[in-house]
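Worksheet for the structure shown next.
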Amino acid sequence: FAKAPEEFEKNFGIRTTIKLAGRENPNYMNQYISSAKATTEAAKHLKVPVGDPLSLVYRIITDNSGRAVFLGKILYVNECFEIKVEMELP
């Protein structure tokens, strides 16, 4: 975010991250969502007790050739959580 705050404010965060990494043409996203327990490290960063339930998301975005241009592993606190994904990547 610190490298391009205006870009992140105007555009989809993943697309901006991909652009800053020098990659182009994202066109497909695959996302896996499961549950996990907070590890010591995750609990520290998310300010929750160790062992609390979390949502674990793996996100893979590929370009037109099928090459991965973004890989993400994200942990979400479950106290108030909803996921809705609608995406068309030109």
Please give me the minimum heavy-atom distance between G66 and T62, naming the atom from each residue. O-CG2, 3.6 Å
Kindly compute the distance separating NE2 (H45) from OG1 (T39), expressed to the nearest 0.5 Å. 8.5 Å
When rounded to the nearest 0.5 Å, the distance separating CZ of R59 from CD1 of I33 is 8.5 Å
With sequence neighbours excluded, residues passing side chain to side chain contact (heavy atoms under 4.5 Å, CB included) with S35: none
Indicate, with yes or no, if V50 and V77 share a hydrophobic cluster defined by side-chain heavy-atom contacts under 4.5 Å among Ile, Leu, Val, Met, Phe, Trp and Tyr. no
Mind listing the closest non-hydrogen atom pair of P49 and A43 along with its distance? C-CB, 4.0 Å
Taking only residues two or more places apart in sequence, or in another chain, which ones meet S34 in a side-chain hydrogen bond (donor to acceptor under 3.5 Å, both in side chains)? none
Tell me yes or no: between the side chains of N30 and Y32, is some donor less than 3.5 Å from an acceptor? yes
Rounded at 0.5 Å granularity, tell me how far CG in D52 sits from CG in L75. 12.0 Å
Closest heavy-atom pair and its distance - S55, N78: OG-OD1, 2.5 Å
Would you say that L54 contacts K37 through its side chain, given a criterion of any heavy-atom pair below 4.5 Å between the two side chains? no
So, taking the atom named CD1 in I60 and the one named OH in Y28, what distance separates them when rounded to the nearest 0.5 Å? 9.5 Å
Please walk me through it: do K73 and L56 pass side chain to side chain contact (heavy atoms under 4.5 Å, CB included)? CA-CA 7 Å; K73 177 183 176 185; L56 172 61; 3.7 Å; yes
